[in-house]
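Written below as structure tokens is the structure these notes are about.
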Amino acid sequence: MSMYASAEIVKQNERGVRFLTRIAAPALAAIVVMAGLLVLVVMLSASQANQLAAERQQRLVSAIVKQSIARIAHDQDAVTVWDESVRHVLAPKPDQAWLDGNLGIWLHGYNGHDEVFIVDAHDRPIYAMQDGRRVPPQRYYAALAPIGARMIPDLRRRTRHPRPGDIAPGMRSPGATDLGMVSGHPSIVSIKPIISDKALPRQIPGQEYLHISVRHLDGGFAAMLAQEYQLESAHFSASPNIGAEEHALPISSRSGDLLGYLVWKPFGPGALMVRRIAPAAAGALLLVLAMVGWLLVRIRRSALQLEASRAQAQHLAFHDALTGLANRALFEDRLTRALAAARGGAKSVALLYFDMDRFKDVNDSLGHPAGDELICAFARRLVEATRVSDLVARIGGDEFAIIQSDVASRAEAEILCMRIVEAVSEPFDLAGSRLNIGVSIGVAIAPDDADDRTELARKADIALYEAKAGGRGRYVFFDLAMDASIRHRHVMDQDLRAALIAGDQFEVVYQPVYSGRTHRICGAEALVRWRHPRFGFLSPATFIPVAEATGLIEPLGEWVLEQACRAAMRWPIKMLSVNISAVQLRNTGFADRVLQILDRVGFDPARLELEITETSFIESASHCRPNLAALRARGVQIALDDFGTGYSSFSHLREFDVDRIKIDQSFVRGIDIANGGSPIIRAIVALAKASGMQVTAEGVETAAQSKFLTRAGCNLLQGFLLSRPIGAAELEALLAAGVGSEPVPAESE
């Protein structure tokens, strides 16, 4: 290469360097300025993102505290508005194990309540639970007495003199909530009266037993905030002095007493963003422009995350946490909108209320986790059976509802009901078991049945009640006759209460029971009649179902038992039969009450025979066993009434001690003398004899029936052929005439 060529190359390189210098300096300056502007933009964006996140979390924590206060009261609502709760707390010796499993320890394990107390009508503690363990009731005075003294009087005043608005929306009873220090912990305190959902007569307004639930804010509650809502380092602090990067929400009682602060470290999307891009920006300014695009993407992503968090908070406010379905708040809002749209259009709205049949049995046998799994599986089947436009909601416990909009005819709602009944009839695979539960459905149509949300829901609930009363596993549409029936039941309920107080409207009559061998009176069955002041004599079929539904069957049944025992003290018969309701059998204190009556009257337990129906006997088996064992230990006899109309299984009967079965009168009416009588009755008698049981045939109306039953081996006969139900004086006259002056021992027949 020549000298000139080399010089030219050098000149060209120098020109290139100068060009690059002239270009690079402004470019570098522009890059530096752009980088500075970029850093400024990034820092401002990061600060704004952090501020937005902190404000959102501040609102979220405040909303969570308010929802937690309402949730504790809602948890209590499920167990305090309940006949069983009233009966158990009013019992002379409350069953502590039952209180643990339904009002105390269960609330700790299932709902996270830290402490539970129950106080009586005089504000004296009768039960206490702390941290999942039963403790002496006196712990109440050290833990909660000052707060109780502030909250309880106002609640009792409101229950004694109720006013509109005392019961919060979505609640079934009034209550009192506040924040305060309990056992050294800042806590949510909720107080609810323990009342009956059937208005039992034993409670005086303002003197109900009270259920007090406590949720500590500085223990599991703070941990729940950290876990479920991703609040970093969430904890409770008594001091306002917090770290520079921490936020705090002051927690105060209604009276303004500051309890402390909920403290957490807010999520900082902006700071996180800066930490991630700083190394790359410092190492290569030439990539700033590319980084700007990346930053914009990151900012957009952070904004989307914030928006998603807002959507999540909105979802939590209007959806059930367990199933993801709409909750009561969203359900009521959508129903209001659907009804408003239906008023101006040609199509209707169908409201379906659901109740899972035998759900409590699953909870009791497999536990609450299995119950939750069943609820979720049930919810999925409801969603699969509905349209996208239908709203499926869980409104509490095992209660669900569907809003079916744009219904052209009742047939559309009926088709949906059939689909759901069929879907739920398929077995559920839970906890290694295949369960068959079934579903009951009540349906009301708007605007035909009602165009108001509250009234439509009431009528759907009435239809659901009719569906369950009719045998479950079915659907029922509301009609006006149901409403009239409910109102009639309410009137009958009030009249029953008045009659029990008056004490002179009920009368006990007796149907003699005859020996099949001697044809002499050897016993009597006590039957109650009601001399209604307006309607005259009413048969048990008219008022006993109402008494059972309202819980009045217990005082009525005890009155009948005592009256019959007092009358039979004078009679020379060995057996007095008294009918017992399944509602009475389910009461754990039933046997004690019967024995108290016998002791008070002085009636020999060996002369008493209690009659229970076959269906109630089998379905209430778990409650029957301890009651029947206690009664039989004192010599009381047990008879199974209406045998053959229920399960009709001797394999079931072998599980229990039954002394006698009563062949239902439908079998007696079916005796065909011309064709050999009744093979079914012969088989029943043979199996009963082989099992060591006595047999009574009821509904005997002809001499031919009497003769056949005696030859078939029935020990006792009862029916209009022999005697209709008569008063005590008439029965005494029969006995005095020698029809049954000598008792015939059942063992000898």
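We count residues from 1, following the sequence as given.
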Under the side chain to side chain donor-acceptor pair (under 3.5 Å) criterion, do His216 and Glu115 qualify, and how do the steps go?
CA-CA 8 Å; His216 298 160; Glu115 299 186 48; 2.7 Å; yes
Within a strict 4.5 Å, meaning less than it, do heavy atoms of the Met356 and Phe400 side chains meet?
yes
With the side chain counted from C-beta on, respond yes when Ile612 and Leu585 share a heavy-atom pair under 4.5 Å apart, and no when they do not.
yes
I'd like to know whether Leu249 forms a side-chain contact (heavy atoms from CB on, under 4.5 Å) with Trp264, so could you lay out the CA-CA distance, the side-chain angles of the two residues, the decisive distance to 0.1 Å, and finally the verdict.
CA-CA 9 Å; Leu249 177 71; Trp264 72 97; 4.1 Å; yes
Should the heavy atoms of other residues, nucleotides or ligands under 6.0 Å from CZ of Arg337 be counted, would the total exceed 12?
no
Does any N or O in the side chain of His88 come within less than 3.5 Å of the main-chain N or O of Glu84, such that one atom is a donor and the other an acceptor?
yes
At their closest point, which heavy atom of Ser252 faces which heavy atom of Leu179, and how far apart are they?
O-CD1, 3.2 Å
Residue list, salt bridge (charged side-chain N to carboxylate O under 4.0 Å, His left out) with Glu384, at least two apart or on another chain:
none
Does some side-chain heavy atom of Cys417 sit less than 4.5 Å from a side-chain heavy atom of Val443?
yes
Decide yes or no on side-chain contact (heavy atoms from CB on, under 4.5 Å) for Asn102 and Val79, but give the supporting numbers first.
CA-CA 7 Å; Asn102 293 272; Val79 297; 5.5 Å; no
Taking every heavy atom of Ala385 against every heavy atom of Ile420, the minimum-distance pair comes out as CB-CG1, 3.9 Å
Examine distances only and state if a side-chain atom of Asp452 and a backbone atom of Thr454 form a donor-acceptor pair shorter than 3.5 Å.
yes
If a pair satisfies side chain to side chain donor-acceptor pair (under 3.5 Å) and one of its residues is in residues 407-421, list it, with sequence neighbours excluded.
Glu414-Tyr475
Are any side-chain N or O atoms of Lys347 and backbone N or O atoms of Ala342, one a donor and one an acceptor, separated by less than 3.5 Å?
no
Please answer whether the main-chain N or O of Ser581 pairs with a side-chain N or O of Gln584 as donor and acceptor at a distance below 3.5 Å.
yes
Is the shortest side-chain heavy-atom distance between Val116 and Ile212 below 4.5 Å?
no
Side-chain donor/acceptor of Arg215 to backbone N/O of Gly112, under 3.5 Å:
yes
Do Thr159 and Gln207 have side chains that get closer than 4.5 Å, going by heavy atoms?
no
Dump the intermediate steps for salt bridge (charged side-chain N to carboxylate O under 4.0 Å, His left out) on Lys459 and Asp449, then the final yes or no.
CA-CA 8 Å; Lys459 292 181 175 179; Asp449 295 327; over 6 Å; no
Nearest 0.5 Å, what's the NE2-CD1 distance between His74 and Ile69?
16.0 Å
Of Thr323, Leu352, Ile403, Leu382, which meets side-chain contact (heavy atoms from CB on, under 4.5 Å) against Val392?
Leu382
Asp495: salt bridge (charged side-chain N to carboxylate O under 4.0 Å, His left out) partners, not counting sequence neighbours
Arg534
Any side-chain to backbone donor/acceptor pair from Ser62 onto Arg59? Under 3.5 Å, distance only.
no
Can you tell me how far apart CG (Asp197) and OG (Ser173) are? Round to the nearest 0.5 Å.
11.0 Å
Set of salt bridge (charged side-chain N to carboxylate O under 4.0 Å, His left out) partners for Asp77, sequence neighbours left out
Lys192
In Å and rounded to the nearest 0.5 Å, what is the OG to CG distance from Ser196 to Asp83?
3.0 Å
d(Asn111 CG, Ile72 CD1) to nearest 0.5 Å is 9.5 Å
Tell me every residue that passes salt bridge (charged side-chain N to carboxylate O under 4.0 Å, His left out) with Arg157, counting only those two or more places apart in sequence or in another chain.
Asp154
Which residue pairs pass the salt bridge (Lys or Arg N to Asp or Glu O under 4.0 Å) test with at least one member in residues 387-404, sequence neighbours excluded?
Asp320-Arg394, Arg387-Asp390
Under 3.5 Å: donor-acceptor pair, side chain of Asn327, backbone of Leu330:
yes
State, with a plain yes or no, whether a side-chain heavy atom of Ile445 is found less than 4.5 Å away from one of Phe478.
no
Do you see a donor-acceptor pair shorter than 3.5 Å between the side chains of Thr177 and Arg254?
yes
Looking at Asp451, is its backbone amide N or carbonyl O close enough to the side chain of Arg343 to form a donor-acceptor pair, meaning the two atoms are under 3.5 Å apart?
yes
If you round to the nearest 0.5 Å, how far is CG of Leu90 from CD of Glu208?
10.0 Å
Minimal non-hydrogen separation, Pro205 against Arg160, with atom names
O-CG, 3.9 Å
Where is the tightest heavy-atom contact between His211 and Leu107, given as atom of each residue plus distance?
CE1-CD1, 3.4 Å
Geometric class of the Trp98/Trp82 ring pair [parallel <30°, tilted 30-60°, perpendicular >60°]:
tilted
Is the closest side-chain heavy-atom distance between Tyr353 and Ile441 below 4.5 Å?
no
Please walk me through it: do Val349 and Gln404 pass side-chain contact (heavy atoms from CB on, under 4.5 Å)?
CA-CA 6 Å; Val349 175; Gln404 187 183 20; over 6 Å; no
Please report the closest heavy-atom contact between Val214 and Ser187, naming both atoms and the distance.
CG1-CB, 3.5 Å
Using every non-hydrogen atom in the two residues, find where Leu391 and Phe331 come nearest and quote the distance to one decimal.
CD2-CA, 3.9 Å
Any Lys/Arg nitrogen of Glu554 or Arg87 sitting under 4.0 Å from an Asp/Glu carboxylate oxygen of the other?
yes
Donor-acceptor pair, side chain of Ser405 and main chain of Ala338, under 3.5 angstrom:
no
Could you go through His113 and Asp75, starting from their C-alpha distance and side-chain angles, then the distance that decides it, and tell me whether this counts as side-chain contact (heavy atoms from CB on, under 4.5 Å)?
CA-CA 9 Å; His113 297 202; Asp75 294 343; 3.0 Å; yes
About how many Å separate CG of Asp114 and CG of Leu217, when rounded to the nearest 0.5 Å?
9.0 Å
N/O donor-acceptor pair under 3.5 Å between Arg328 side chain and Phe318 backbone:
no
Evaluate the criterion side chain to side chain donor-acceptor pair (under 3.5 Å) for residue pair Asp355 and Tyr465; output intermediate values, then yes/no.
CA-CA 9 Å; Asp355 189 89; Tyr465 175 86; over 6 Å; no
Would you say that Arg434 contacts Phe428 through its side chain, given a criterion of any heavy-atom pair below 4.5 Å between the two side chains?
no
